[in-house]
Amino acid sequence: MEGNGIRILQDLGPACTASINTLRSTLGRIMSDGQPGNPGNANPTELARLIHFFAAVSSKPTQDTASSSLSSAFVGVYLNTTDVSASTAPSEWNLEVIATVMQDYVNVNWKAVARSFDFPQFKVRDVRHAEVIHFLYRSGATAALNTGQIVVLPITLLTEDWVNREGQLSLL
């Protein structure tokens with residue numbers, strides 16, 4: 001997915017999180033396996049970048065109504081559907097939908113996802129950004145563990161050597 005998938009999500013805007021099915025379909029088109037509804041082949045690097053992206057955009061101020069209507073139109077065209085109407089287009093990224101979709105990735109090594117946060121663009125802007133990263137990671141990792149025990153980012157993530165040291169320090 002690297003940069004192209006993230007750019008597509010940016011262009012589509014919050015409307016791609018209007019519903020669980022809309023987000024699943026969108027991710028199915030941009031993830032490397034290209035299989036809507038089949039998250040089993042997602043790789044940890046893609047998920048780390050997705051979590052970082054969704055945390056970054058959802059911790060920004062709200063979009064205006066015109067932008068959310070345009071976002072809805074883009075999603076409708078991209079997915080070739082009329083399920084996302086301009087009248088119900090969200091103006092904010094729906095974190096609950098994103099967290100629910102993260103729970104689909106039960107066959108992914110979530111410790112590898114945590115290690116994959118070490119990429120050049122990773123940087124935590126503020127406390128809200130860090131909270132959302134933790135929330136989305138916890139949603140996916142807890143579902144994958146399947147014991148009911150809540151999983152948090154591994155503490156070793158903070159103590160290991162990173163290539164992107166600035167990004168690592170921003171996580172603290």
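Numbers here simply count residues along the sequence, with the first being 1. Atom set for the values below is all heavy atoms of this structure, side chains included, hydrogens, waters and symmetry mates excluded. Values in this document were obtained by computation on a predicted structure and should not be read as measured data.
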remark   = Heavy atoms of Ala99 and Ser139 approach each other most closely as CB-OG, 3.3 Å
inquiry  = Go through it in stages, so that I can follow the logic: the residues are Phe117 and Ile133, the test is side-chain contact (heavy atoms from CB on, under 4.5 Å), and I'd like the CA-CA distance, side-chain angles, deciding distance and then a yes or no.
reply    = CA-CA 10 Å; Phe117 285 127; Ile133 287 171; 4.0 Å; yes
task = For the residue pair Phe122 and His52, categorise the inter-ring angle as parallel (less than 30°), tilted (30 to 60°) or perpendicular (more than 60°).
result = tilted
message = With a 3.5 Å distance limit and no angle check, can you tell me whether Asn164 reaches the backbone of Asp118 through a side-chain donor-acceptor pair?
response = no
ask   = Is there a donor-acceptor pair closer than 3.5 Å between any side-chain N or O of Gln121 and the backbone N or O of Arg49?
value = no
task = Give a yes or no on whether Ile150 and Met102 share a hydrophobic cluster (residues Ile, Leu, Val, Met, Phe, Trp, Tyr; joining criterion: side-chain heavy atoms under 4.5 Å apart).
result = no
request  = Is it possible for you to say whether Leu47 and Leu145 belong to one hydrophobic cluster, with membership spreading through side-chain heavy-atom contacts below 4.5 Å?
outcome  = yes
query = Are Ile155 and Ile51 grouped together when hydrophobic residues (ILVMFWY) are joined by side-chain heavy atoms under 4.5 angstrom apart?
reply = yes
inquiry  = Check for me, please, whether Val127 and Leu136 land in the same ILVMFWY cluster - side-chain distances under 4.5 Å, paths through other members count.
reply    = no
key: Test side-chain contact (heavy atoms from CB on, under 4.5 Å) applied to Leu158 and Leu171, step by step   = CA-CA 8 Å; Leu158 304 176; Leu171 188 58; 3.8 Å; yes
ask   = Is there a side-chain contact (heavy atoms from CB on, under 4.5 Å) between Leu23 and Asn94 once you walk through the steps?
value = CA-CA 10 Å; Leu23 183 57; Asn94 188 330; over 6 Å; no
key: Verdict with reasoning, Thr142 to Trp110, per side-chain contact (heavy atoms from CB on, under 4.5 Å)   = CA-CA 9 Å; Thr142 299; Trp110 282 88; over 6 Å; no
query = Between Val101 and Ile98, is any pair of side-chain heavy atoms under 4.5 Å apart?
reply = no
query = Does a side-chain heavy-atom distance below 4.5 Å link Trp162 with Leu169?
reply = no
query = Is the shortest heavy-atom distance from the side chain of Met31 to the side chain of Leu50 under 4.5 Å?
reply = yes
query = Going by heavy atoms in the side chains, are Pro154 and Tyr137 under 4.5 Å from each other?
reply = yes
ask   = Is there a side-chain contact between Cys16 and Leu9 (heavy atoms, below 4.5 Å)?
value = yes
key: Side chain proximity check, His134 to Leu153, heavy atoms < 4.5 angstrom   = yes
ask   = What is the distance from atom CZ of Arg7 to atom CG of Asp11, rounded to the nearest 0.5 Å?
value = 9.0 Å
request  = Without swapping roles, check the side chain of Ser25 against the backbone of Thr22 for a donor-acceptor pair under 3.5 Å.
outcome  = no
inquiry  = Looking at every non-hydrogen atom in both residues, tell me the closest pair between Ser58 and Leu95 and how far apart they are.
reply    = OG-CD2, 3.4 Å
key: Heavy-atom closest contact (Glu160 atom, Arg115 atom, distance)   = OE1-CG, 3.8 Å
ask   = Does CG belonging to Leu172 count more than 12 external heavy atoms closer than 6.0 Å?
value = yes
query = Does any N or O in the side chain of Trp93 come within less than 3.5 Å of the main-chain N or O of Ala56, such that one atom is a donor and the other an acceptor?
reply = no
Closest heavy-atom pair and its distance - Asn109, Lys111 = OD1-N, 3.0 Å
